[in-house]
Amino acid sequence: MSRMAIVFILIANFAPAAITNLPLQALEAPRGGVARMDPELDKLVPPDAKVEKVRGDFGFIEGPVWVRSGGYLVFSDIPNNSIMKWTLDGKVSTIRSSIFSGAFPQGVGVLIGTNGLTLDGRGRIVAAEHGNRRVSRFEKDGSVTVLADRYQGKRLNSPNDLVIRRNRDIYFTDPPGLLRTYPAEAKDKPTQELDFNGVYRITTKGRLDLVAKDIPYPNGLAFSPDEKTLYIASSRPDKFWMAYDVTADGMLANGRKFFDATKIPGDGVPDGMKVDSAGNIYATGPAGIMIFSRQGKLLGTLSFPEIPANLAWGDADGKTLYVAARTGLYRIRLKVAGVRP
C-alpha cells in the first residue's frame, strides 16, 4: 500500500477539526482527479470519473446554471461584464452584455458584472449583480426588473450568490466583492454604505429581510433537499461553512459551523456550492471541490486544472457537474443527480 493511500485511510477516521491540520497533499487529488477519503464517495463518484475541459479563454467565470427547457448552460463572465451560453455542441454565445453600463477600471480584474445566477419558476434568470449592487431578474422581453438594491435606505455591498426556495423566496449573500477588487486609487471608487456583510431574503411580496449578519464574508449558499437547512460559505479571512435551521417563517436559527477549512492550505476558498438529491454537499474550497456528507464528514475532493469558483448540475439527467474555474469551464460525470432549479 502506498504512503498516500495510508494517509487517505487515516483521513477517513479523523474528525473534521483534525482533518484541517493535515497537509494539502493528503486532501487534494491530482489535477483533474479524485481523492477518495471515505467509501461513501464510491456511491457518488464513478471509479473512472474524469474531469473534462469543455471551454476556456474566459475572463473569470461564475454562477453556472443549467437551463433544462433548452438543454444548455448559462454563466457569468464577471470582468467581461457578460452572461454567456454554452450548448452541448460546444458553441458559446453572449446572451447579455454591458450589464453594468457605467465606467470602471479596465484590465485590472474588477468584478463588475453578474456573479451568481439561478432560474425562477418561469425560467427567467435571476442574478446577483456586482457593479449595479443589486439582485435583478431578466425578463423574457429583455427588460430588467430590480428585486433589491438597498437595505434600510443604504446600497447593498455587491450581491454575490443566490438560491430560490420552492415557495419562490430568494435568498442571497452580500459581501463586498466589488469593493474589494476595485483599485484603491481608482476614480469614483464605490464606497460601502452598510457596516456589515449580510445574508438576505426577498419574499414573494418583495419585502427584503436580513436573515444573517454574523458571517464575516458570506459567499455561496444552498438549501438541503428538504429545505430545512441553509448552508452558507464564508470565504475570508477564515475559510468555513455555516449551517442554519430554516424556521417556519423562513428566517434562520441555530447557526453552527458545519466545516472549518481554515488550516487547509490552498488558494481556493469556500465559494459556490450545490447539493445532490441525497443531501451531500459539493463546495469549492482550498482542496478543490470538497464533497461532504450531511453530517459534515469530508468524503473526498475533486481537483481541477484551475481554481473552482462555482458549480451546477447539468445535462438531461442532472448527473453532470459543470464547474466554473477561473478562465475555464469543466465537467465531470457523477452517479447521483443534483438539486437544481
Side-chain angles (χ1 to χ4, degrees), residues 1-52 220 222 224-225 229 231 233-235 238-243 256-311 313 319-323 325 330-339:
M1 183 179 293
S2 69
R3 180 174 178 271
M4 187 63 72
I6 293 172
V7 171
F8 287 160
I9 291 172
L10 290 173
I11 289 173
N13 294 311
F14 272 90
I19 289 176
T20 61
N21 293 319
L22 292 170
L24 177 61
Q25 57 266 32
L27 295 166
E28 187 176 40
R31 291 296 177 193
V34 181
R36 298 175 186 271
M37 300 169 191
D38 189 282
E40 287 296 308
L41 192 74
D42 295 339
K43 298 177 182 178
L44 311 177
V45 182
D48 58 349
K50 294 181 180 179
V51 169
E52 175 191 1
S224 59
T229 304
Y231 303 101
S234 187
S235 300
D238 291 341
K239 302 177 182 182
F240 60 90
W241 293 266
M242 295 289 290
R256 64 272 187 196
K257 193 169 286 188
F258 178 75
F259 191 95
D260 194 329
T262 302
K263 294 182 180 180
I264 297 176
D267 293 329
V269 300
D271 195 339
M273 73 173 87
K274 296 294 184 290
V275 298
D276 67 25
S277 56
N280 301 295
I281 298 97
Y282 301 67
T284 69
I289 290 183
M290 304 172 72
I291 304 175
F292 303 101
S293 70
R294 291 173 296 174
Q295 294 75 32
K297 186 175 186 180
L298 181 60
L299 304 179
T301 66
L302 308 177
S303 184
F304 294 80
E306 300 178 77
I307 299 170
N310 214 328
L311 54 155
W313 300 101
K319 293 183 179 180
T320 299
L321 201 62
Y322 285 86
V323 178
Y330 300 83
R331 66 182 173 188
I332 183 171
R333 282 289 292 175
L334 301 179
K335 289 183 175 182
V336 62
V339 176

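Being a predicted model, the structure only gives us computed values, none of them experimental.
For the atom pair CG of D38 and CG of L299, the computed distance is 5.0 Å after rounding to the nearest 0.5 Å. Annotation: the span from M37 atom CE to M290 atom CE amounts to 7.0 Å, rounded to 0.5 Å. Here R294 contributes atom CZ and S224 contributes atom OG; the two are 9.5 Å apart, rounded to the nearest 0.5 Å. To the nearest 0.5 Å, atom NZ of residue K335 and atom CG of residue L41 are 9.0 Å apart. R333 contributes atom CZ, which lies 11.0 Å from atom CD of E52 (distance to the nearest 0.5 angstrom). The CG atom of L334 sits 8.5 Å away from atom CG of D276, with the distance rounded to the nearest 0.5 Å.
Counting non-hydrogen atoms of other residues, nucleotides and ligands closer than 6.0 Å to NZ of K50 gives a total of 12 or fewer.
In this structure, K274 forms no cation-pi arrangement with Y282, as its terminal cationic atom is not both closer than 6.0 Å to the ring centre and no more than 45° off the ring axis.
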Under the side-chain contact (heavy atoms from CB on, under 4.5 Å) rule, what do R36 and D42 come out as? Steps first, then yes or no, please. CA-CA 8 Å; R36 298 175 186 271; D42 295 339; 2.9 Å; yes
Start with the C-alpha distance between N280 and L44, add both sets of side-chain angles, then the distance that settles side-chain contact (heavy atoms from CB on, under 4.5 Å), and finish with yes or no. CA-CA 9 Å; N280 301 295; L44 311 177; 3.5 Å; yes
Run the side-chain contact (heavy atoms from CB on, under 4.5 Å) test on I264 and K239 for me, step by step, so that the C-alpha distance in whole Å, both residues' side-chain angles and the decisive distance to 0.1 Å come before the verdict. CA-CA 9 Å; I264 297 176; K239 302 177 182 182; over 6 Å; no
In sequence, state the C-alpha distance, the side-chain angles, and the governing distance for I332 and I289, and then conclude on side-chain contact (heavy atoms from CB on, under 4.5 Å). CA-CA 11 Å; I332 183 171; I289 290 183; over 6 Å; no
Step by step, work out the ring pair (Phe, Tyr, Trp, His ring centres under 6.0 Å) result for F258 and Y231. CA-CA 8 Å; F258 178 75; Y231 303 101; 5.2 Å; yes
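A donor-acceptor pair under 3.5 Å is absent between the side-chain atoms of S277 and the main chain of V336, judged by distance alone. When atom types are taken as modelled, the side chain of W241 and the backbone of A283 share no donor-acceptor pair closer than 3.5 angstrom.
Side-chain contact between W313 and V339: absent, with no pair of heavy atoms (C-beta onward) separated by less than 4.5 Å.
Nearest heavy atom pair, residue V51 against residue P305, reads CG1-CD, 4.4 Å. Contact record, A233 with D271: CB-O, 3.6 Å, taken as the closest heavy-atom pair. Considering all non-hydrogen atoms of both residues, V323 and P308 come closest at CG1-CB, 3.8 Å. Smallest separation of non-hydrogen atoms from V275 and P225: CG2-CD, 4.4 Å.
Classification of the F259-F292 ring pair by plane angle, with boundaries at 30° and 60°, yields tilted.
Screening I281, V45, T301 for a side-chain contact (heavy atoms from CB on, under 4.5 Å) with I291, the sole residue that qualifies is V45.
Neither side chain, T320 nor R331, offers a donor N or O lying under 3.5 Å from an acceptor on the other.
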